[in-house]
Structures are given as structure tokens and as C-alpha cells.
Amino acid sequence: MNESIVKQLGFRLFLAAAAVGGLWIGLVKPAQADLASDQRRLALQQQEIMAFESDDSGASMLVETIGRIRSESELLESGLTRQSGASAGMAQIEKAASKFDIRVRRSDPGGSVELKAPDSVAEAPLIYADSYTIDFSGTFRDVTFFLNELQTENGLVDIPFFRLTPVGSNRVVSSMEVVQYRLGKGESIVGSVSDEKDQDEN
Amino acid sequence: MIFGNQRLVVSLLPGRLCAAWWRSGKVIREEVVFLDGIDWENAWREGLMPFDSALRQLLSRFKNGRRVPVSVLYSSSAANVNCYQIKGEKRDARAAVLAKLNDGDTSGVMHSVEVISATGQSEKEWSVLAISEREEIMNKVYAWVARCGGQLSSVLPLQGAVALAAAESALSSDESRAYCMVGQEWSAVACGNKDGLQLVRVFELGYRAMASVYQRVEDGSTHASIEKRLLELGLPYHNTEIDPELRTTLLAQLSPIVQRFCVEVKQTLRFGISAELMPSELYLAGRGALIPEFARAVAEGVDLHAKVSPRMELDPNSGVFASGTAHRWFADHHGCGSVLRPTPMLVQKSAGRLRVATVCGFVLGALAVAGEYGYIKAKQAELKPQFEAISVQVAQIVRERDTLNAAQELAHTAGVCSLVIDDARAKYLPVGVVMEMLSENTRDNARLENIELRMNQSTIEMRLKALVVGETDESAGAAYREFVNSFESNEFVSGIEMGAVDLESPFQGKFTRRFTMVIRLDEQVSGYETLAEYVRVGEDDL
């Protein structure tokens, strides 16, 4: 009889303790964790607000830096031509030549190379380098203007090799290698980031 | 507690089961069930089961379906009552008696020890009454009450109650007196006054022996009628109204019993108290004291003035629980320390307390949980307005952070593009700049024959083949030096490597110097390096 009473009481005691413990674990502990989390979040936000309010110069510098990055990025994007293929590039060069009485005697597309980003950096828009060899003639003055036009008004253009030989009193014959950089079809630098941001905001 | 001041007091005696409803110090109702035809010894062997129906009847009549506390007084053949005189402190006296009782093989025996009083002769000497009973008997009583639907609250053997009642009677008087409690089977003698007790002794002889005489004489009578006859006729020493033959028969058998009773009392007083403290009066109490001519017979037998206790005479209730009886004492003192407590009863009481403690603990725990939970919720509610107060600023910070993240992302994308281009391209110098340089530095006396400009990733070199003309050799040399110097002073020229100079024979009166030279040029910042540098050094430096 005593044993059964002890067992019964022990079981009830266990049930009571388990019920209280269960309530504590199931109800109070999560609430405590939530409260601690809220308190931490509040303190963090208040710290951030204080730091934000006390750092006016830092904020203005940040605005300036962001503006600089944006303008440089836009400059880069505008420098990378969007025409597709070497024939379009050639047409652009010939159009510039025609402005300055330059006679293009020979043009030779050297092919396109896809520029690879280093492994350490993340994925980037595709960029191609299109090469051409151009033989042309004109006056020294026109050649100078043509080359200026080519490198300032036609995006990012490199001329890694250039040869000039005077012929006659004022004319020169010239040969050059031209490398024109362009973004892949549908690729964008500024637009892709802006588009993603717009989607996030929507 | 509903039953805090009321209980059922049950007295189990050979041939009789008495019950009284006790409330607030008064016996409200009393009933007796005579157990004729049930063998007493056999009933105990059977765990009191033969008495179940009698007790059930009493309980059903008294408690009316409710579960009430039951105190049981019973006649025991195994219980032992002893009175000890112990010197020392009161608590030591109790411990000393317990130690004495527990000395030797006492397994299966329960003890109840109560310090009754100081002896009066010395403040440091105590009368300690010890009641011992076999645990098996206690458990039988407990099981009997539980089986019949009662809740045992206290239990005491009759001899213990007799001794304690006698002791209390002695202690209640101002003068030193001797009290004799005459019970059914047990009687007790106590001597003392309110200052202390000198003597308590229990002996096994009560009015039942006299009732047995009546039963033998009047064969076939029931217990009820026998007791009634005994209390009517008593000891017919001087009663001449009864049948002479019956009187002779009764006296012949009653006289030895009375004589033995007197010897017990006389010897108790004689050996228990010194001559100078010997009381002059003996008060008789208990149901046996009501037997007619018993007091007179005792007075003659013990050579003392023997009287029936005034409490017995004044109480109109002449039942078992009449004032001054051991039964009444037990009814009034059911919760005193001298009662015995069977182990199952203790276990049940402990279990009850533990049950209450468990419930209390659970309630307290639940309250603690609720309190803590409420406190946390209140704290969280306090935080809500604080969050709302800073929400505008937080939103602004989030917007700023989004802008910064977008700028970082843009810088990263543009930086990677710049890095890719910067790694692939040669050093940069606009060819137009070179052409302007040549145009500025080539005077009328100089003529360019061939120009080769090469830009690779390490250098920018321009190879020139030209000639200068002078009227004299010296002027041709000066023109050559001027030509070279004009390049050296240019901001884009980092170095000049001279080639061979051919001094040609004068032609048409002009001196000519034909030469080659390599001009190393500095690159020009194209504007895309900053973004590439951003990727190279890491985004944290934005």
C-alpha cells in the first residue's frame, strides 16, 4: 500500500513538475528569448541612429563617393560601345574617317576576344575586345583629327600600334592597329544594378 | 476544515461497540451496539472483520454519507502502559523513556510517550507515561476503520486512556488526592494534585469481571441486560430487596473480585507513595464507579474515604461517554500526543500533506510562470512605443544602407569591368596627343620620314626616323639638338634613346643630318583605373 502511495505521489509530483517545467520551457523561455532579442535590436538601432546622427561629414562623404562611383560607372558604360560585331565597328571607323578626308586603303578585322575576369572576382558583364588593322592616307592634319575623333568620340578605343610615313609634300600614309572594347549583347553595368534595385523596391 | 471541531469517537470493547458524535467539546449523540455472539479473540485474529457490519451501521447513522474523522478507543490485550519518573529536562525525559523502550528487541512494537507532569517534589523530575502496542494490532484497527468507510484520525488502547484519564483527574485537584478510574477491563490509580503527579498505575481488573458474575448467574442474558443489571443491583452487600438466594450467590462470587480490586488499589498506594504523602480520600471515576455500593466496598477494603467522583455524579449522561470516564477523556483529548498512530495512517497523512504540497507547489509554479510571462509581455509592450518612436529614423538608415549597398554593387560590377579591361589593354596614350607633339616639335628645318608608335603593357615607345637641314654644318647640328630638346622637354616624354646620326654631304648648299631616335612616353590616366582599383583593394575601402 505504502509503495503504491509513494509511486502515485511520485508520479503526480513528476507530472506537476513536468507541467510547470513544460510551461516554463514552452512559454517563458521563448518569451524571454524574444524579449532579449527585442532589447538587443532596440539597443542596436539606437546605436545606429546615434552614429548616423553624429556622422554628418561621413554621410556627406558617402553621398559624394556614391555619386563619383555612379558617374565613373556611367562613363565606363558609355565608353563601351554597344554595336554588335566587327563590321559595325569598321563602319564606325570609316564614318569617322570620312569626316576628315581620310582615304581608307585597307581594313582588316583581326577578330574578337572575350575578356575574362580574374577567378577571384565575381561574375561580371561580358566584354569583348575587337581588333582591326587599318591602312589609310591623308594629310598630317586630317590624320591627327581622325585619330582624335577615333579615340574620343567612339568609346574606349586603343591604338597599340601606329605607323606614319610622309609621302609628297603634305600627305602621309599610315597603318594602325585598333582595339575597340564593347559590352556583350544585352549586357549593362549601370542598368543591371538599377533594374535589380527597382525590382526590389517594387 | 468541515470537520475541524467534530468527529466520531468509537470505542471497541469486548461485547460492545460504542460510538459518540463529538462536537466542540460536547458529546452530541451516543449509541451502543452490542456484539453478542462474536468471539472477541477470534475477531482480532480475523482482522476485526466480524465487527465490520456493526461499525458500518454506526458510521452510516452518524456521518450520513460524509467521510468524517474517526477516533478509536479499543480494548487491547497486548498494549502495555507504564509510568516512569525521570529526572532531567522535559525533552530529555521523553527521550530517555523512548530509549528505554527501544532497548532490546522491540521490532513490531509502537510506542507513544507523553510527559504528563512534573512530580511536584522536584521541578526536574517528570512523570512520563509510555504506551506500547503491537504495530500489527494498530494496523488492524486502521484497516478496519478504512474498510468501513471511516478515516482514522487517532487510536488508543483502553488502558492508556484509563491511565491518562486518572492522571488528569489527579492533576485537576488542588489537594493531593487519589483517583481510581474503574474501566471495563482496566483500572488505573493516580495520585497527585495540580502541582504534580506522584503516581500512576494501571492494572487489569475492571467492572467486566463483576458483569461476568452476573452473566454466569443469570445465564442467557445479553450484554446489555447484564450491564443494566449490574448498574441496577451493584454489589448487594446491603440490598435486602433482592432475592436472598441470588444475593448470596452474587456476593459469593463478587466479593473476591472486589477484594482483589481493593488489594490492587491498596498495594499501589502503599508501595507507590510515601506515608506522609498518602491521601486520605479516594475518588472513583469511570463507569465502574457507578456500580451501587462499589464505593462503599472499596472504602472498606482500602481503609480510605472512597467517593464517586463529583464529575461522574453531576453528569446526567450516564452512558459510556459520561463525564469523568476514560471514554470521555479520550473523546475530549483525541488529538493529544499520547495517541498511537499506525504506520498506514502516518503514511496517509504524509501523503495527504505531500498531495497538498504538490498542489501548492504546482499552483505556485504556475503562478511564477504566469508572473514571469506577464512581466516579459509587459516589458515587450514597453518596447513597442520605443520601436515606433525610432521607426522613421530606422527607415531612413535602411534607405541609406540600401543606397550604399546599391552603390557598392554598382562599384563592384563597374570595377570588375574596369579591371578586366585594364588587365587586357596596353598602356594608354591617345595617338592624337602624339600627333600634336610631333606637329609642335617639327619645325620647317626638320622632316619626319617614318614614325612607329607601339604601346604594350609595359612601355609606350615611339621610333622616329627624321632629318634636319641647315645652311651650315653647325646650324644643321643646332637644328638636330633643338629637335631632340623639344621632345625632351615634353610632359609625356620619359626618356629618349638616340640612334645613329648620318652627316650627309652638302646638297644644293644645304647640310643635312639624318637620324633615328626612340622616345619613351608616359601613359595617360584613362579614368577607368579607380574602379578597377576598388575591386583590387577590396570593397571595404569604399
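What you see below is based on every heavy atom in this structure, not just the backbone, and it leaves out hydrogens, waters and symmetry mates. Chain letters run A, B, ... following the sequence lines, proteins first and then strands; every chain starts at 1.
- Of the N and O atoms on the side chains of B:Gln393 and A:Glu53, at least one donor lies less than 3.5 Å from an acceptor on the other residue.
- Geometrically, A:Arg41 engages B:Phe387 in a cation-pi contact, judged by NZ or CZ lying under 6.0 Å from the ring centre and within 45° of the ring axis.
- When each of B:Asn405, B:Val359, B:Val394 is checked for heavy-atom pairs under 4.5 Å with chain A, B:Val394 comes out on top.
- Surrounding CZ of B:Arg447 are at most 12 heavy atoms belonging to other residues, nucleotides or ligands under 6.0 Å away.
- In this structure, the portions of B:Asn450 lying under 4.5 Å from any heavy atom of chain A include both its backbone and its side chain.
- Looking at B:Glu449, the atoms closer than 4.5 Å to chain A (heavy atoms on both sides) all sit in the backbone: N, CA, C or O.
- When B:Ala357, B:Ala414, B:Gly415, B:Gly361 are compared by the number of non-hydrogen pairs under 4.5 Å with chain A, B:Ala414 comes out ahead.
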Go through the steps for A:Lys29 and B:Glu372 under the test salt bridge (Lys or Arg N to Asp or Glu O under 4.0 Å), then give the verdict.
CA-CA 10 Å; A:Lys29 289 289 272 180; B:Glu372 181 68 13; over 6 Å; no
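- With a 4.5 Å cut-off on non-hydrogen atoms, B:Leu364 does not touch chain A at all.
- Scanning both residues, B:Val420 and A:Leu115, for their nearest heavy atoms gives CG1-CB, 3.0 Å.
- Heavy-atom distances place no part of A:Glu149 under 4.5 Å from chain B, backbone and side chain included.
- For a residue to count as touching a neighbouring chain, one of its non-hydrogen atoms must lie under 4.5 Å from one of that chain's; by this rule B:Arg399 does not touch chain A.
- A distance-only check finds a donor-acceptor pair linking the side chain of A:Gln151 to the backbone of B:Val431 [under 3.5 Å].
- Both the backbone and the side chain of A:Ala31 come within contact range of chain B, each with at least one heavy atom under 4.5 Å from a heavy atom of that chain.
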